[in-house]
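What follows is a set of notes on a single structure, which appears directly below.
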Number of protein chains: 2
Amino acid sequence: MAHQTMPTIDQMLCFAVYATGHAFTRFYKPRLDALDLTYPQYLVFLVLWEQDDVTVKALGERLFLDSGTITPLIKRLEARGLVTRRRDEDDERQVRIRLTKEGRDLKARAFSIPLAVIEGTGLTQDGAGAMREELLALRARLDAALSAQDK
Amino acid sequence: MAHQTMPTIDQMLCFAVYATGHAFTRFYKPRLDALDLTYPQYLVFLVLWEQDDVTVKALGERLFLDSGTITPLIKRLEARGLVTRRRDEDDERQVRIRLTKEGRDLKARAFSIPLAVIEGTGLTQDGAGAMREELLALRARLDAALSAQDK
DNA sequence: CACAATTCAATTGTGCGCAATATAAGTTTG
DNA sequence: CAAACTTATATTGCGCACAATTGAATTGTG
């Protein structure tokens with residue numbers, strides 16, 4: 001058996017994904033600052049704008065997050081008057097999250113934020129150039145890693 | 001101008017990348033637990049195994065992290081005797097990170113960890129099936145978003 | 001050379017992200 | 001129907017991640 005060599009970090013697909021995630025967060029930051037939302041908070045609103053009145057569990061399954069992350073996040077939004085939390089009347093284990101008027105109104109100010117929507121607007125926005133480069137690089141790496149498997 | 005609609009979270013490429021990053025962390029977790037390393041700590045070692053004796057700044061540029069993240073992370077590794085931190089003699093602003101023998105020895109135990117190496121081993125490991133599905137889905141979404149731009 | 005500007009790392013504070021645990025509500029079973 | 005089990009959320013503790021600030025070392029400039 002040949003002497004093993006460790007891949008460099010730039011050859012690791014996991015790192016490419018990790019770094020692209022950071023790049024997205026940086027890209028969205030100035031836009032989200034205008035709404036005073038963090039990126040995970042924005043994801044919560046994307047879910048709520050699509051379907052209001054969801055349980056913590058449903059939210060967690062949608063976002064792949066657990067209650068240890070969601071509960072304090074939602075409480076911060078509640079403290080700002082953007083959502084309400086109330087126990088379900090029929091099953092008091094569940095907590096249902098609902099948008100307030102302020103939370104609904106935020107939607108109108110968020111239309112200009114999404115970048116790189118699948119089958120949607122693409123990457124046509126201002127300042128998307130660097131992000132596009134990043135995504136092209138990620139696709140190339142993804143292809144390289146997935147095709148290595150196919151052989 | 002038509003009435004605007006907000007994309008669903010599943011149509012957002014940023015979320016696909018974000019979720020895939022989480023999936024990678026979960027995938028690596030049991031393997032890294034065996035070395036008692038977190039994923040970001042593992043990334044630091046990948047850099048150090050490739051090039052020992054690097055400054056905090058160089059490490060940060062490689063990993064896209066700042067000193068607020070790296071300094072405490074390195075201090076934890078130092079407390080465990082895996083690395084040393086020493087001011088550069090010629091430029092005392094810089095702190096150079098070096099592997100100890102224990103840190104170097106960890107490398108031998110880490111060969112089996114990497115998954116999805118670009119132009120490398122592919123996705124052939126045990127338990128990689130779910131990860132492969134995840135990555136194929138990400139590629140499809142990446143293609144859809146990038147081609148929307150090309151039109 | 002003095003002093004302003006820059007660079008590097010560390011610190012502080014806030015917000016994820018998750019494992020482990022706790023608690024209460026609901027469900028199943030003998 | 002009571003005990004065992006399961007489910008849903010909350011809490012605690014630890015480790016990132018990053019903005020803002022600080023402090024020390026170095027560099028640039030008149």
Side-chain angles (χ1 to χ4, degrees), chain A residues 14-15 18-30 32-33 35-45 54-80 82-83 85-97, chain B residues 14-15 18-30 32-33 35-45 54-80 83-97:
Chain A
C14 59
F15 180 67
Y18 171 87
T20 303
H22 288 177
F24 261 124
T25 301
R26 278 193 299 275
F27 179 82
Y28 279 118
K29 179 143 204 326
L32 292 175
D33 280 348
L35 304 186
D36 200 19
L37 292 181
T38 65
Y39 179 69
Q41 288 168 357
Y42 171 60
L43 294 181
V44 166
F45 276 108
V54 297
T55 64
V56 169
K57 179 176 170 59
L59 205 47
E61 286 174 348
R62 199 78 195 276
L63 301 177
F64 305 109
L65 298 173
D66 73 3
S67 69
T69 301
I70 291 179
T71 297
L73 185 157
I74 295 292
K75 284 187 170 180
R76 279 186 285 271
L77 298 179
E78 184 187 30
R80 289 170 53 190
L82 299 173
V83 304
R85 298 182 330 122
R86 226 180 70 193
R87 293 275 165 187
D88 186 295
E89 296 199 347
D90 297 333
D91 183 345
E92 297 228 336
R93 290 172 306 179
Q94 300 181 57
V95 170
R96 307 196 72 89
I97 314 300
Chain B
C14 60
F15 180 67
Y18 171 87
T20 303
H22 288 178
F24 262 124
T25 302
R26 279 192 299 275
F27 179 83
Y28 279 119
K29 178 144 206 324
L32 292 175
D33 279 349
L35 304 185
D36 201 18
L37 292 181
T38 65
Y39 180 69
Q41 288 169 357
Y42 171 59
L43 294 181
V44 166
F45 276 108
V54 296
T55 64
V56 169
K57 179 177 170 58
L59 206 46
E61 286 174 348
R62 200 74 194 277
L63 301 178
F64 306 108
L65 297 173
D66 73 2
S67 68
T69 300
I70 292 179
T71 296
L73 186 158
I74 295 292
K75 284 186 171 179
R76 280 186 284 273
L77 298 180
E78 184 187 30
R80 289 170 54 191
V83 303
T84 61
R85 298 182 328 122
R86 227 180 69 194
R87 292 274 165 189
D88 186 296
E89 295 199 348
D90 296 334
D91 184 344
E92 297 229 336
R93 288 173 306 181
Q94 300 182 56
V95 168
R96 308 197 72 87
I97 314 299

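What you see below is based on every heavy atom in this structure, not just the backbone, and it leaves out hydrogens, waters and symmetry mates. Every chain is numbered from 1 and lettered A, B, ... according to where its sequence line falls, protein lines coming before strand lines.
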Return the value, rounded to whole Å, for the distance between atom [atom1] of [X] and atom [atom2] of [N].
X	N	atom1	atom2	answer
A:E92	C:dT27	CD	C1'	16 Å
A:D33	D:dC18	CG	P	14 Å
B:L37	D:dC16	CG	C1'	14 Å
B:Q41	D:dA17	CD	C1'	14 Å
A:R76	C:dT14	CZ	C1'	8 Å
A:L43	C:dC16	CG	C1'	11 Å
B:F24	C:dG17	CZ	C1'	18 Å
B:L32	C:dA19	CG	P	13 Å

Who are the salt bridge (Lys or Arg N to Asp or Glu O under 4.0 Å) partners of A:R93, not counting sequence neighbours?
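So A:R93 forms a salt bridge (Lys or Arg N to Asp or Glu O under 4.0 Å) with A:D91.
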Sequence neighbours left out, what passes salt bridge (Lys or Arg N to Asp or Glu O under 4.0 Å) with A:R80? Give chain and number order.
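If we apply the salt bridge (Lys or Arg N to Asp or Glu O under 4.0 Å) test to A:R80, skipping adjacent residues, the hits are A:D36.
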According to ring pair (Phe, Tyr, Trp, His ring centres under 6.0 Å), who are the partners of A:Y18, at least two apart in sequence or on a separate chain?
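Per chain and number, A:Y18 pairs via ring pair (Phe, Tyr, Trp, His ring centres under 6.0 Å) with A:F15, A:H22, B:Y39.
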Can you list the residues that meet the side-chain hydrogen bond (donor to acceptor under 3.5 Å, both in side chains) rule with [X], with sequence neighbours excluded?
X	result
A:R87	none
A:D88	A:R96
A:R85	A:E78
A:D33	A:K29

When you get a sec, tell me which of [options] is the closest nucleotide to the side chain of [X]?
X	options	value
B:P40	D:dA17, D:dA25, C:dC16	D:dA17
A:Q94	C:dA19, D:dT9, D:dG15	D:dT9
B:D91	C:dC18, C:dA9, D:dA25	D:dA25
A:H22	D:dA10, D:dA17, C:dC16	D:dA17
B:L65	C:dC18, D:dA17, C:dA10	D:dA17
B:R87	C:dA9, C:dC18, D:dT9	C:dA9

Please determine whether a side-chain nitrogen or oxygen atom of [X] lies at a distance below 4.0 Å from atom OP1 or OP2 of [N].
X	N	result
A:T38	C:dG15	no
B:Y18	C:dG17	yes
A:R85	D:dT9	no

Please classify the nucleic acid contact of A:R96 as base, sugar-phosphate, or nothing, using heavy-atom distances under 4.0 Å.
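Here A:R96 touches no strand at all.
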Quick one: label B:D90 by what it contacts on the DNA or RNA (base, sugar-phosphate, nothing), any heavy atom closer than 4.0 Å.
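Touches sugar-phosphate only.
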Could you give the distance from CD1 (A:I97) to CG (A:L77), rounded to the nearest 0.5 Å?
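Atom-to-atom, A:I97:CD1 and A:L77:CG are 9.0 Å apart.
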Filtered N/O pairs between nucleotides 4-6 of chain C and protein, under 3.5 Å:
none

Work out which heavy atom in B:P40 is nearest to a heavy atom in B:L73; give both atom names and the distance.
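Shortest heavy-atom contact: CB-CD1, 3.9 Å.
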Who is the Watson-Crick or G-U wobble partner of C:dT12, with both distances under 3.5 Å?
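D:dA19 - that is the nucleotide pairing with C:dT12, both distances being under 3.5 Å.
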Side chain proximity check, A:I74 to A:L59, heavy atoms < 4.5 angstrom:
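Yes, close enough: below the 4.5 Å cut-off.
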Contact between A:L82 and A:F45 at the side-chain level, heavy atoms closer than 4.5 Å - yes or no?
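When only atoms from C-beta onward are counted, A:F45 and A:L82 do touch, with a gap below 4.5 Å.
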With the threshold set at under 4.0 Å for non-hydrogen atoms, list the residues of residues 55-63 of chain B touching DNA chain D in residue-number order.
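By residue number: none to list.
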Got a sec, which pairs hit salt bridge (Lys or Arg N to Asp or Glu O under 4.0 Å) with one end in residues 59-74 of chain B, sequence neighbours left out?
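As it turns out, the salt bridge (Lys or Arg N to Asp or Glu O under 4.0 Å) pairs with a partner in residues 59-74 of chain B, which skip direct neighbours, are A:D10-B:R62, B:E50-B:R62, B:K57-B:E61.
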By nearest nucleotide on DNA chain D, pick out whichever of A:T25 and A:I70 is the more 5' one.
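Its nearest nucleotide lies further toward 5', so the answer is A:I70.
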Provide a list of protein-nucleic acid N or O atom pairs under 3.5 angstrom, restricted to nucleotides 11-13 of chain C.
residue, atom, partner, partner atom, Å
C:dT11, OP2, B:K75, NZ, 2.7

A:R86: partners by side-chain contact (heavy atoms from CB on, under 4.5 Å), with sequence neighbours left out
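side-chain contact (heavy atoms from CB on, under 4.5 Å) check on A:R86 returns A:E89, A:R98.
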